[in-house]
2 protein chains.
Amino acid sequence: MTVPTRTTVKDTNRARLIRQLRRHGPMARVALARRTRLSAGAVSAITGELIDEGILCELAAPAPAPAEGAAGPRGRPPVELGLNPDHARVAAVSIRMNLIEGVVADFSGRAIARHAVVCQTRSLDAAGVIERCAQAIDGALERAPGPGPRAIGLAAQGMVDPGTGRQLWSPVLRTGSMDLAAPVAARFGVPVLVENDAAATSLAVVRDQPDLQRGLVAVLMLGHGVGMGLLRDGGAFPGSRGFSSEIGHVRRLPGGAQCRCGQRGCIEAYLADYALYRDGRSLADLPHTDSQQPTEDHMVELARRAEAGEPGLLALYQEAGVALADAISIVGSVLAPRRIVVTGSGLRAFRLMEPTFRSALARAFAPGLVPERDVLFVPGGAERITAGMAHLALEAVDAGLAERPDRQVFSAAG
Amino acid sequence: MTVPTRTTVKDTNRARLIRQLRRHGPMARVALARRTRLSAGAVSAITGELIDEGILCELAAPAPAPAEGAAGPRGRPPVELGLNPDHARVAAVSIRMNLIEGVVADFSGRAIARHAVVCQTRSLDAAGVIERCAQAIDGALERAPGPGPRAIGLAAQGMVDPGTGRQLWSPVLRTGSMDLAAPVAARFGVPVLVENDAAATSLAVVRDQPDLQRGLVAVLMLGHGVGMGLLRDGGAFPGSRGFSSEIGHVRRLPGGAQCRCGQRGCIEAYLADYALYRDGRSLADLPHTDSQQPTEDHMVELARRAEAGEPGLLALYQEAGVALADAISIVGSVLAPRRIVVTGSGLRAFRLMEPTFRSALARAFAPGLVPERDVLFVPGGAERITAGMAHLALEAVDAGLAERPDRQVFSAAG
DNA sequence: GATATTAGTTCACCATACAAATAAATCGGC
DNA sequence: GCCGATTTATTTGTATGGTGAACTAATATC
């Protein structure tokens with residue numbers, strides 16, 4: 001009479017186990033049971049299924065830490081379970097100034113191939129952007145023969161709308177608003193996610209840091225611009241605009257420095273690479289940048305000359321330090337995150353900003369500001385963008401896996 | 001062999017149904033089934049249990065809207081289910097300048113008794129504050145004979161730490177940091193929750209507005225100070241400091257007006273009642289305020305004279321309008337909520353702020369700012385504080401109810 | 001080897017969600 | 001006033017799937 005009943009209970013528990021492993025890395029069945037509050041029997045049953053389906057796999061026992069002579073753990077040693085790298089792949093793309101980079105990642109999130117497309121991004125029209133993204137993905141796929149991606153994540157600088165998959169504005173493009181997700185999805189036939197690059201980075205930054213996977217965490221990313229990602233319990237914490245925040249365009253000084261967004265006095269206009277270099281060129285004889293953004297070499301040169309005492313340049317970094325303190329103070333006041341992480345290539349010259357940053361942060365100890373010990377600096381490069389975006393794409397794949405294979409047939413029929 | 005199995009599944013679904021009714025008000029079983037995605041049978045079974053336990057009750061059929069002659073809905077009419085008002089009670093307290101107000105609310109959230117304790121709050125020591133809170137609760141309980149409260153919510157102005165139940169700083173007290181929750185909990189023998197008054201208010205503001213119960217919503221409360229509550233899907237959206245936000249102490253103008261928090265240039269220092277009145281007295285011959293905060297009468301007089309054209313006073317409101325636009329712009333940039341609601345007694349003179357507010361908001365259309373149509377103005381008084389706090393206390397009671405009565409014995413034994 | 005300890009599996013039980021059938025309550029039409 | 005039609009609610013049969021407990025497995029200590 002009744003067709004196979006479909007309940008949501010097991011799907012939910014499958015999803016919980018997969019997410020646990022996705023966010024916190026490999027762990028043994030006991031650990032899964034403890035952390036998901038499922039019984040050992042249920043974990044055994046579900047993980048057995050997931051292993052049969054090739055979603056999970058047992059990992060070689062971890063090094064039993066024989067360093068200490070005594071005190072080996074007694075009892076049957078646990079066997080770590082991890083996401084099976086071979087189960088599925090995703091692709092991630094980072095759109096940056098004059099560089100569109102594609103990555104293919106395995107199911108565990110490890111990047112297995114990379115392909116960079118160098119091009120004048122500000123000269124491209126919308127079709128050109130899509131074309132270069134596809135090239136970046138195809139190039140990476142060619143270097144990693146095997147199955148195609150099951151989902152694709154696109155990370156773009158500037159404002160994006162993850163809900164519609166559109167780029168609204170980007171400093172590296174001249175297209176204005178354009179659809180990113182739909183054309184790429186049509187081309188590869190898989191779901192496409194679009195996010196801001198700072199948001200994507202934030203996911204990668206907290207990846208292997210358990211302390212940052214609890215509570216509300218804000219990740220401020222300094223680079224060509226100033227972006228921020230908001231995370232809760234290690235996962236995206238979406239507002240209406242994905243989980244990125246335009247903290248860079250909060251005004252810190254009415255009528256202040258010109259920002260490329262059109263306003264004056266934005267935090268970004270004092271703290272971002274483009275602003276530091278622009279102002280530096282007003283003060284010193286620095287190399288011309290043909291795109292509107294300085295390269296890493298330009299920025300290193302600027303910092304070197306500021307450190308060498310070239311007149312006025314140090315003051316730029318000192319002001320940037322205060323702007324960074326302002327940004328942290330605002331985030332602390334508005335949101336009170338458990339931790340505020342600062343990362344990105346903009347930290348390269350942090351030593352020049354640090355004195356003014358520290359004193360401004362101490363002065364700005366307004367009610368609600370998180371104390372200085374809650375501000376962390378995490379170095380790291382642009383590879384975090386694709387790593388985070390791959391993670392996001394993988395979570396989308398996971399969501400589909402929670403529904404068991406036999407179900408998908410039903411849901412397609414019903 | 002096996003003792004009665006305990007699963008979490010039904011508890012979860014009980015909690016979902018209760019929360020649905022708590023947040024969205026009475027509805028029929030079909031509506032519950034649709035919105036929780038449970039089957040009609042499951043809803044029937046669970047609601048039956050909950051009715052037997054006295055947690056829910058069937059409500060009289062709603063007015064069948066006979067206004068239109070034709071088009072009565074066909075079919076068996078739905079019977080609305082609601083939270084049984086008699087099931088339990090909670091108390092809520094609002095600590096304001098020179099007024100500590102206690103309310104007793106029934107299980108549906110309706111206030112059934114109120115008692116205000118008038119006192120010089122800034123003259124009280126910690127014990128005195130606790131004593132007055134207890135008086136406020138006892139007074140309300142006396143006027144509503146019946147069972148005692150199952151939980152108590154305390155709403156305080158200024159900074160509170162909901163995690164520890166402490167007041168950290170308040171403009172209406174001189175105690176500095178003090179423990180609010182523990183002494184009150186000890187006195188009444190029930191759990192006590194502490195929150196900021198703006199956060200509490202925000203819960204009440206969105207209560208009967210379905211549009212505000214979806215996605216991320218920020219509720220800005222203008223009054224003696226400037227506070228904000230953050231909600232997601234109609235419920236609290238906690239950061240590290242409850243779900244309140246110290247947006248009032250974000251600096252909008254370096255070296256600007258003195259704020260009572262010790263900094264200069266805070267938004268609050270231009271927009272809060274205390275700031276408007278303080279500055280007004282510098283410009284015009286206004287009545288003295290003996291506590292450091294103006295009363296409603298003082299504020300009405302100030303607005304009246306500004307409107308009458310007394311020199312300089314209108315400019316204060318014009319500046320406040322810009323400060324309000326700044327606050328909204330910052331919240332929009334950092335968080336991009338679906339809606340930003342402005343409420344509180346500070347709206348009494350909004351007509352004086354409106355022109356500058358509108359133009360400043362239009363100018364501040366930075367990337368990521370929510371458009372003007374997403375900003376709503378909701379009038380309403382201080383009774384929202386206790387209403388919201390009662391709601392929060394009731395959600396705490398609900399959490400206990402999700403575990404069925406027979407379970408509690410087990411959990412106590414185990 | 002005996003014992004202890006921890007990890008993982010198996011299995012009987014039964015709670016519980018689902019689907020479908022049934023009952024209940026109302027309306028519109030004749 | 002009775003008959004479908006329509007919508008809401010309850011009942012019932014069934015399969016799912018989690019729990020607890022017993023059992024097996026693998027290692028360390030003595």
Side-chain angles (χ1 to χ4, degrees), chain A residues 1-17 27-34 36-52 56 58-59 61-62 64-66 68-81 404 406-407 410-411 414, chain B residues 1-14 16-17 27-34 36-52 56 58-59 61-62 64-66 68-81 403-404 406-407 410-411 414:
Chain A
M1 188 65 68
T2 47
V3 289
T5 308
R6 62 179 291 255
T7 64
T8 63
V9 177
K10 196 170 197 175
D11 286 359
T12 304
N13 289 334
R14 281 169 65 103
R16 281 165 71 187
L17 291 182
M27 65 185 76
R29 291 175 179 82
V30 257
L32 281 172
R34 200 170 343 111
T36 60
R37 297 173 172 280
L38 283 170
S39 67
V43 171
S44 216
I46 297 174
T47 55
E49 258 182 53
L50 291 171
I51 290 171
D52 288 346
L56 303 187
E58 298 194 339
L59 272 51
E68 306 291 321
R74 281 170 302 188
R76 174 177 172 172
V79 24
E80 305 268 297
L81 293 178
R404 283 154 295 168
D406 56 312
R407 290 292 173 66
F410 271 94
S411 71
Chain B
M1 187 64 69
T2 48
V3 288
T5 309
R6 63 179 289 257
T7 65
T8 64
V9 177
K10 196 172 196 176
D11 285 358
T12 305
N13 289 336
R14 282 170 63 103
R16 280 166 71 187
L17 292 182
M27 65 184 76
R29 291 173 179 83
V30 257
L32 281 172
R34 201 173 339 112
T36 60
R37 299 175 169 279
L38 283 170
S39 67
V43 170
S44 217
I46 296 173
T47 55
E49 258 182 53
L50 291 171
I51 289 171
D52 288 347
L56 303 187
E58 299 194 338
L59 271 51
E68 306 290 323
R74 279 171 302 188
R76 173 175 172 172
V79 22
E80 303 269 297
L81 253 34
E403 300 157 21
R404 284 154 294 168
D406 57 310
R407 288 294 171 65
F410 271 94
S411 72

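Convention: sequence-line order gives letters A, B, ...; per-chain numbering from 1. Predicted, not measured: the structure shown is a model, and the values here were computed from it.
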Name the closest nucleotide to the [X] side chain, picking from [options].
X       : options                : result
A/Lys10 : D/dT10, C/dA17, D/dG18 : D/dG18
A/Asn13 : C/dT9, D/dG18, C/dC18  : D/dG18
A/Pro78 : D/dG18, D/dT11, C/dA7  : C/dA7
A/Val9  : D/dG18, C/dG8, D/dT8   : D/dG18

Distance, rounded to the nearest Å, where [X] contributes [atom1] and [N] contributes [atom2]:
X       : N      : atom1 : atom2 : value
B/Glu58 : C/dA24 : CD    : C1'   : 13 Å
A/Arg74 : D/dA25 : CZ    : P     : 22 Å
B/Leu38 : C/dA15 : CG    : P     : 19 Å
B/Ile46 : D/dA9  : CD1   : P     : 15 Å
A/Leu32 : C/dG8  : CG    : C1'   : 12 Å

Discussion item. Both A/Gly75 and A/Val30 contact DNA chain C. Which one's nearest nucleotide lies toward the 5' end?
Written reply: A/Gly75
Response to the item:
The residue, A/Arg76 or A/Gly41, whose nearest nucleotide of DNA chain D is more 5′ is A/Gly41
Fill in: Result of checking B/Thr12, B/Asn13, B/Val9 against A/Val9 for side-chain contact (heavy atoms from CB on, under 4.5 Å)
B/Val9
Worksheet item: Atom CZ in B/Arg16, atom NZ in B/Lys10: separation rounded to 0.5 Å?
Response: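 One gets 14.0 Å once the value is rounded to the nearest 0.5 Å.
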Worksheet item: Out of curiosity, B/Ile46 CD1 to B/Thr36 OG1, how far, rounded to the nearest 0.5 Å?
Response: 8.0 Å
